[in-house]
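Each ligand, and each atom within it, is numbered from 1 in the order the structure gives. Just so it is clear, the model here is predicted, and its values are computed rather than measured. The figures that follow rest on heavy atoms only: side chains count, while hydrogens, waters and symmetry mates do not. Nothing fancy with the numbering, it's 1 onward along the sequence.
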Amino acid sequence: MSDYTPQPENKFTFGLWTVGNIGRDPFGGPVREQKTPADLVRLLGEVGAYGVNFHDNDLIPIDVMPSEAEAIKKDFREALDETGIVVPMATTNLFSDPIFKDGAFTSNDPKVRAYALQKTMNAIDLGVEFGAKIYVFWGGREGTETDSTKNPVEAIKRNREAMNFLCDYVRDQKYDLKFALEAKPNEPRGDIYNSTTGHMLAFIATLDHPEMVGVNPEVAHEHMAGLNFVHGVAQALEAGKLFHIDLNDQAFGRYDQDFRFGAVNLKSAFFLVKLLEDNKYDSSRHFDAHAYRTEDYEGVKDFARGCMRTYLILKEKAAQWNADKEIQALVAEINADDGSMGGYFGKYSSEKAKALKAQPFDRSAIAARGLQYERLDQLTVEVLLGVR
Ligand code: GLT
Ligand code: MN
Ligand code: MN
């Protein structure tokens with residue numbers, strides 16, 4: 001058993017907006033004082049994180065003077081150097097300012113769409129200045145409350161045009177930067193376009209430079225849509241599109257709770273960690289979550305340490321599951337193959353099709369076999385409960 005100390009190779013990262021969350025919600029004001037970006041970096045250094053991510057305006061407020069911006073960047077840079085924390089990802093805030101009340105890239109107003117592009121190019125420059133290699137797009141305001149207001153086909157086209165423009169900007173600047181698109185079904189808009197990771201994957205295939213663009217799935221967002229997150233992530237992984245991931249937790253059917261990783265659905269968190277580790281996922285493990293509103297900054301550190309520690313415990317459990325003889329015997333049995341059907345799979349040929357059409361199947365004998373999934377699942381639960 002390890003002591004679950006985070007290591008750089010775990011690539012555990014947090015956004016400035018996560019540990020910097022001051023506990024404001026729709027029903028109440030802040031409960032924690034605002035810390036500077038530099039102090040948040042020091043907090044992350046203290047808990048053993050690897051990296052910090054930011055929106056342009058988490059680092060530099062939208063209306064500060066250029067001289068002030070330089071001072072903030074200098075302090076931030078010093079804190080990074082002091083702690084060894086790196087900046088793997090950056091993103092743009094295209095949702096807080098009132099100008100984005102009806103969207104950014106999908107707004108009906110060309111001035112808003114142009115401003116969103118300008119703001120994003122500047123934010124990309126800022127992210128690259130601090131070393132970011134992944135650039136996230138979360139279009140929280142790209143949606144509607146009523147479909148009388150926007151043409152949904154036009155919205156897809158506007159979104160595509162913006163992505164193509166920004167990919168070309170990155171190429172033009174010769175930046176080593178990839179995009180990761182993050183879906184969410186609703187909140188803050190009534191409905192958000194490209195609402196799930198699956199939608200995003202389909203959208204990416206229509207871009208001019210699809211190789212530059214992948215996804216950033218978030219646990220809470222797929223759970224809000226009632227989906228199996230592990231399946232969505234597997235689809236992205238298999239397509240070579242899992243460029244980044246937002247880990248947190250969420251009760252099904254609720255608003256975007258952004259709870260500590262593993263706080264609610266331990267079993268699906270386990271299968272997620274197992275999926276990432278078994279497939280040697282090698283990008284950031286970003287905790288896009290925040291501490292309960294009940295906490296002070298000691299509680300924020302408990303929250304951040306808890307995210308990383310739970311991930312590492314689940315990683316250990318996944319290794320245990322993979323090494324458990326009884327579990328592996330069941331897995332082997334479930335996947336047993338006597339080779340008798342081998343000639344029918346793989347690439348189509350008319351001979352194969354003809355032979356397969358002539359093959360007799362004893363349907364009831366095949367269906368009569370018990371699959372022992374009850375046993376396998378119970379063994380999994382017992383690994384998780386720590387009794388094996
Ligand atoms: C916002 C949102 C997150 C996104 C962030 C990136 S900001 O907090 O809830 O899911 O990942 O823009
Ligand atoms: Mn997120
Ligand atoms: Mn969220």
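By the 6.0 Å and 45° rule, K35 stacks over the aromatic ring of Y297. Cation-pi geometry between K178 and F243 is met: under 6.0 angstrom from the ring centre, within 45 degrees of the axis.
In this structure, F287 has its ring center closer than 6.0 angstrom to the ring center of F14. Ring centroids of H244 and W138 are separated by 6.0 Å or more, keeping the two rings apart. Aromatic ring centres of Y311 and Y4: separated by at least 6.0 Å. For an aromatic pair to be called close, the ring centres must be under 6.0 Å apart, and F100 with Y115 satisfies this.
Close N/O approach between K184 and ligand 1 is not found [any backbone or side-chain N/O within under 3.5 Å].
A salt bridge links K73 to E70: one of the charged nitrogens lies within less than 4.0 Å of a carboxylate oxygen.
Below 4.0 Å from some heavy atom of D246 lie the following atoms of ligand 1, by number and element: 11 (O). Residue-ligand proximity, H221 to ligand 1, at heavy-atom distances under 4.0 Å covers atoms 10 (O).
Proximity of N216 to ligand 1, defined as any heavy-atom pair under 4.0 Å, is not found for any part of the residue.
Counting heavy-atom neighbours within 6.0 Å of E238 CD, excluding the residue itself, gives a total of 12 or less. In E161, the CD atom is not crowded: 12 or fewer heavy atoms of neighbouring residues, nucleotides or ligands sit closer than 6.0 Å.
Aromatic ring orientation, H55 versus F95: perpendicular (interplanar angle above 60°, classes split at 30° and 60°).
Closest protein heavy atom to atom 6 (C) of ligand 1: H55 NE2, 3.2 Å. Here the protein heavy atom with the shortest distance to atom 1 (C) of ligand 1 is W138 CZ3, 3.7 Å. Protein heavy atom at the shortest distance from atom 11 (O) of ligand 1 is E182 OE1, 2.6 Å. Protein heavy atom at the shortest distance from atom 9 (O) of ligand 1 is D256 OD2, 3.7 Å. Here the heavy atom of the protein found nearest to atom 3 (C) of ligand 1 is D288 OD2, 2.9 Å.
Protein N, O or S atom count below 2.8 Å of the Mn ion (ligand 2): the structure gives 4.
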